[in-house]
Amino acid sequence: TALDGSPWEDARALTSAPELELEPEIDSRARFATLPAAAERKPSYAQWAKQLASVVYRDHALLLLRSKSPKLVSTLGESEGAFRGRIADLVRSERDHTVEKLRQKYAPKLAVLKDRIDRANERVEREAEQYADKRNQAALSLGASVIGALFGRKLASATNVSRAASTIRGASRAAQERGDIARAEERVEAVEQQLADLEAELKSELDTVENSTTAYTAEIETLRIGATKSDLAVDSLALVWAPAEQGSDGAIRWLTDLA
């Protein structure tokens, strides 16, 4: 590069330090270009170092990738594809965390309703057993009343009248027990509907989380991180001749990527 003015305006940054195989002695066929006059003056190197720091500060900021949601910044040298993959992993992790929180939120409510259903079913069974007992007792009492009336000495005796009254009361209690069964079954249906509604609510929230994750596309922007002047320091500055060869047609062909 030219050394007049600032030598860094047309400079090319290397992604890595070149691997050079240096010979202990100069090839006798080698020729060296004339050293520029500026390179023979010591103050020039201090000036070039200062200019280099200015160019890096102005034109060579660190460019990274940034996602606002989720908040994530790429690492140095990380490709956009790898960065998007890392975002996707984070989104899935956050989804799993949200799903678990939802399940924990609804678990106590679901458990309460399931317990109510179990107790309501037990109530139905008890009412059914009590109804069967009352019905059987009424049937036996009715049978005894009929037999007493048919074979007793007096149809309208006090005993027969008492038995008939007892039979009527037993039938009434049996009918009441049957009504209790119906009410208990209605209670079971009501609580089962509450459980179904709550499960549907949970499923809706889970579907919302899942759909938002499936349809998610990360919005990525470039993050420019400029160096501060206090962070910049030129450790060493050296002038080298880049090896090249001249063809028979006079054209120069560089032998390294330093040129």
Side-chain angles (χ1 to χ4, degrees), residues 13-16 55-132 175-232:
L14 301 178
T15 56
S16 60
V55 169
V56 172
Y57 173 77
R58 185 185 70 237
D59 301 331
H60 295 275
L62 178 62
L63 299 179
L64 299 176
L65 300 174
R66 176 172 62 185
S67 167
K68 291 186 177 180
S69 178
K71 292 183 179 180
L72 201 64
V73 176
S74 67
T75 58
L76 183 63
E78 185 176 24
S79 67
E80 180 177 342
F83 184 51
R84 287 188 179 275
R86 193 152 60 90
I87 291 174
D89 290 341
L90 181 58
V91 169
R92 284 191 293 268
S93 177
E94 290 181 349
R95 175 204 60 191
D96 294 343
H97 179 66
T98 301
V99 167
E100 182 60 25
K101 286 182 65 177
L102 282 173
R103 294 190 185 281
Q104 291 178 2
K105 172 186 174 182
Y106 279 87
K109 300 178 183 179
L110 293 171
V112 168
L113 290 178
K114 290 177 181 178
D115 180 64
R116 289 178 181 174
I117 290 174
D118 290 340
R119 288 189 283 111
N121 281 320
E122 292 174 359
R123 177 69 180 273
V124 171
E125 293 177 0
R126 287 196 304 270
E127 297 295 348
E129 291 175 357
Q130 292 174 6
Y131 167 69
Q176 182 180 353
E177 293 293 341
R178 187 171 185 177
D180 291 342
I181 293 175
R183 286 187 290 273
E185 289 176 341
E186 290 174 357
R187 174 61 178 168
V188 171
E189 292 177 358
V191 180
E192 285 179 340
Q193 184 60 51
Q194 292 177 11
L195 177 62
D197 292 343
L198 189 63
E199 288 177 337
E201 183 180 330
L202 171 59
K203 184 178 184 302
S204 176
E205 292 199 37
L206 292 176
D207 288 345
T208 299
V209 173
E210 183 65 32
N211 292 337
S212 64
T213 302
T214 303
Y216 178 79
T217 301
E219 294 184 6
I220 295 178
E221 62 183 11
T222 300
L223 175 63
R224 186 180 187 278
I225 303 177
T228 61
K229 291 185 176 181
S230 59
D231 291 333
L232 295 174

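Note that the structure is a prediction, hence the values are computed from the model and not measured.
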Atom pair CG (Leu62) and CG (Leu76), whose distance is rounded to the nearest 0.5 Å
5.5 Å
Nearest heavy-atom approach of Leu198 to Lys109 is CD2-CB, 3.5 Å
Minimal heavy-atom distance between Arg224 and Arg58, with the atoms involved, is NH2-O, 3.3 Å
Hey, could you give me the CD/CD distance between Glu201 and Glu205, rounded to the nearest 0.5 Å?
6.0 Å
Quick one, Ile117 and Asn121 - any side-chain contact, counting heavy atoms below 4.5 Å?
yes
Charged N to carboxylate O under 4.0 angstrom, Lys203 versus Asp207?
yes
Could you tell me whether Tyr106 atom OH has more than 12 heavy atoms of other residues or ligands within 6.0 Å of it?
yes
Quick check: closest heavy atoms across Phe83 and Ile220, and the distance to 0.1 Å?
CD2-CD1, 3.8 Å
Short N-O contact, Arg119 and Asp115, less than 4.0 angstrom
yes
Between CG of Leu206 and CD of Glu199, what distance do you get to the nearest 0.5 Å?
11.5 Å
When you measure from the side chain of Ser212 to the backbone of Thr208, do you find a donor-acceptor pair of N or O atoms at a distance under 3.5 Å?
yes
Please say whether more than 12 non-hydrogen atoms of neighbouring residues, nucleotides or ligands are located less than 6.0 Å from CD in Gln104.
yes
State whether the side chain of Arg84 and the backbone N or O of Ser79 hold a donor-acceptor pair below 3.5 Å, judged by distance alone.
no
Point-to-point distance, once rounded to the nearest 0.5 Å, from CG of Leu90 to NE2 of His97:
11.5 Å
Residue pair Gln193 / Glu189, side-chain donor-acceptor N/O under 3.5 Å
no
Please examine the side chains of Lys101 and Thr98, heavy atoms only from C-beta on, and report whether any two atoms are closer than 4.5 Å.
no
Which value, rounded to the nearest 0.5 Å, describes the distance between Leu65 atom CG and Thr222 atom OG1?
6.0 Å
Is Asp89 salt-bridged to Arg92, going by a charged N under 4.0 Å from an acidic O?
yes
So, taking the atom named CG in Leu72 and the one named CG in Leu64, what distance separates them when rounded to the nearest 0.5 Å?
11.0 Å
